[in-house]
Every structure is written in structure tokens, then in C-alpha cells.
Amino acid sequence: ADGGFRVTLTADVYDLVLPENFGRITIELNGFAIRGSDATADDSPHCGLEVTEVGRTATPLDLELVGPGLVCGGNGGAYDSTGARAIYSDAFDSLTLTVGEGVTVRGGAGAPNPDSTGGNGGEAGYLDDAAGRVLIRNAGTIIGGTGGSGDSGGNGYHGIYVYGYGESL
């Protein structure tokens with residue numbers, strides 16, 4: 001009816017990448033999760049949902065997450081102790097992000113570093129608004145990842161960080 005895409009999850013999805021020019025996308029989490037892969041012995045953790053640049057577009061992204069469900073970044077590990085962002089976008093013309101009731105967006109947890117310091121938790125979202133407009137509607141829960149343990153523990157991080165405004169939400 002609204003000309004957009006509607007997806008209903010039937011299982012957990014890992015490392016989802018969407019182009020910024022899809023227009024309206026509704027993702028019904030249906031009790032499942034969009035997860036970033038955890039760090040491995042030779043790879044950093046991944047973000048759960050990434051919006052990629054496809055060049056200038058007249059079609060702004062309108063992304064709605066319908067609950068219940070979870071969007072989370074991968075947890076830090078031995079290779080990279082910093083938790084990953086749950087949602088990441090580095091370039092877009094315009095973005096509307098709706099986090100529905102029953103949806104939790106959470107950054108990945110930090111892990112202990114080999115030098116006994118804790119890794120930082122991941123941001124729930126990092127949105128670069130240098131060229132566009134960001135509108136966030138939240139009826140769910142948006143939380144940064146917890147810091148890793150160690151002699152000097154890592155920091156928990158932002159809920160949503162909108163670069164270009166320099167603000168945390």
C-alpha cells in the first residue's frame with residue numbers, strides 16, 4: 001500500500017546490509033534478531049544492520065523496526081575487544097529510523113584486552129548526518145553496549161550517536 005518493502009524474519013539474521021536507496025522498508029522482527037557476528041581470533045565484530053551509500057539519491061531511507069525483537073552489534077573478542085555498533089550508516093541523504101515497541105537496539109559488549117584493559121562497548125547506532133537529515137522515532141529500547149572487564153574496564157557507549165550534530169541520544 002505504501003510502495004515499500006516489508007520483511008518478516010523467520011530466524012535470526014547476521015550482518016544485514018541494506019542500500020540507502022530502498023525507500024521504505026519495514027522489518028518485522030517477529031521475536032527474532034538482526035545480529036552482528038562476534039569477533040573471532042582474526043576478525044573484528046560486525047554491526048548488525050549497516051546502511052551503505054549508493055551515491056546521491058532522491059529516495060530517502062525510511063526504516064521501521066517492528067517488535068518484538070532485537071538488533072545488536074557483535075561482541076568484542078581477542079582480535080578486537082571493542083563491541084560493534086548495532087546499526088551503522090556512514091553516508092546517506094536522509095534517514096528516518098523508527099524503533100517500534102518491543103524492539104531493543106543494543107551495541108555489542110566489549111571484551112577484556114590482552115593487556116588487561118577492557119574493550120569499549122559498541123554504540124547502539126552510529127549515523128553520519130553530514131549530508132542529510134536524521135529523524136529517530138523510538139518506542140522501544142536503545143542502549144549502548146557494556147564495557148569489557150579488566151584492570152581498567154572499558155567504557156559503555158552511546159545509545160545513538162548522530163555525527164554531524166555531535167550529539168548522543
Side-chain angles (χ1 to χ4, degrees), residues 2 4-20 22 24-40 43-52 60-77 80-90 92 94-112 118-129 133-149 153-163 165-169:
D2 61 9
F5 296 93
R6 187 170 203 88
V7 176
T8 301
L9 298 187
T10 58
D12 287 355
V13 174
Y14 287 83
D15 310 331
L16 180 61
V17 178
L18 298 174
E20 68 176 342
F22 258 33
R24 180 163 175 70
I25 303 172
T26 300
I27 301 176
E28 292 185 32
L29 296 169
N30 198 28
F32 294 101
I34 299 172
R35 298 179 182 277
S37 297
D38 291 341
T40 62
D43 194 15
S44 296
H46 296 215
C47 64
L49 174 60
E50 180 178 355
V51 179
T52 62
L61 181 61
D62 183 354
L63 176 61
E64 180 180 11
L65 302 170
V66 178
L70 172 70
V71 179
C72 63
N75 297 318
D80 183 347
S81 63
T82 299
R85 298 164 173 145
I87 299 173
Y88 175 71
S89 177
D90 66 354
F92 52 82
S94 181
L95 172 70
T96 298
L97 172 63
T98 302
V99 178
E101 187 174 342
V103 176
T104 297
V105 179
R106 185 185 69 226
N120 293 326
E123 295 157 324
Y126 181 92
L127 310 173
D128 186 340
D129 191 40
R133 172 187 69 83
V134 174
L135 174 62
I136 300 169
R137 297 182 180 114
N138 180 31
T141 304
I142 299 175
I143 52 177
T146 57
S149 61
N155 298 311
Y157 253 120
H158 313 286
I160 298 277
Y161 183 80
V162 180
Y163 182 79
Y165 288 109
E167 296 179 7
S168 298
L169 305 174

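The basis for the numbers below is simple: all heavy atoms, side chains too, and nothing from hydrogens, waters or symmetry mates.
Every residue meeting the side-chain hydrogen bond (donor to acceptor under 3.5 Å, both in side chains) condition with D15, not counting sequence neighbours, appears here in chain and number order: S37. Taking A109 as the reference, N75, T146 meet the side-chain contact (heavy atoms from CB on, under 4.5 Å) condition, with sequence neighbours excluded. The side-chain hydrogen bond (donor to acceptor under 3.5 Å, both in side chains) check on T40 picks up D42, with sequence neighbours excluded. Annotation: side-chain contact (heavy atoms from CB on, under 4.5 Å) contacts of V13 (sequence neighbours excluded): L9, L16.
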Evaluate the side-chain contact (heavy atoms from CB on, under 4.5 Å) criterion for residues I25 and L18: first the C-alpha distance (whole Å), next the side-chain angles of each, then the deciding distance (0.1 Å), finally the verdict. CA-CA 10 Å; I25 303 172; L18 298 174; 3.9 Å; yes

Does E50 form a salt bridge (Lys or Arg N to Asp or Glu O under 4.0 Å) with R85? I'd like the steps, not just the answer. CA-CA 9 Å; E50 180 178 355; R85 298 164 173 145; over 6 Å; no

Check the pair I34, L29 against side-chain contact (heavy atoms from CB on, under 4.5 Å), reporting the backbone distance first and the verdict last. CA-CA 8 Å; I34 299 172; L29 296 169; 3.9 Å; yes

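The CG atom of D38 sits 8.0 Å away from atom SG of C72, with the distance rounded to the nearest 0.5 Å. Here the CG atom belonging to L49 is positioned 6.0 Å from the CD1 atom belonging to I27, to the nearest 0.5 angstrom. Here the CD1 atom belonging to I87 is positioned 6.5 Å from the CG atom belonging to L63, to the nearest 0.5 angstrom. Distance check, rounded to the nearest 0.5 Å: CG of D80 to CG of D43 gives 9.0 Å. With values rounded to the nearest 0.5 angstrom, T10 atom OG1 is found 6.5 Å from F32 atom CZ. Interatomic distance, T98 OG1 to D62 CG, rounded to the nearest 0.5 Å: 6.0 Å.
Taking 4.5 Å as the limit, every side-chain heavy atom of N138 sits out of range of all side-chain heavy atoms of L97.
Across every non-hydrogen atom of G76 and P45, the tightest pair is CA-CG, 4.2 Å. Nearest heavy-atom pair across C47 and A84 is N-CB, 3.9 Å.
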Please list every donor-acceptor pair under 3.5 Å in which a side-chain atom of residues 99-106 meets a protein atom from a residue at least two apart or in another chain.
none

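A salt bridge (charged side-chain N to carboxylate O under 4.0 Å, His left out) check over residues 26-35, counting only residues at least two apart or in different chains, returns the pairs R6-E28, D12-R35.
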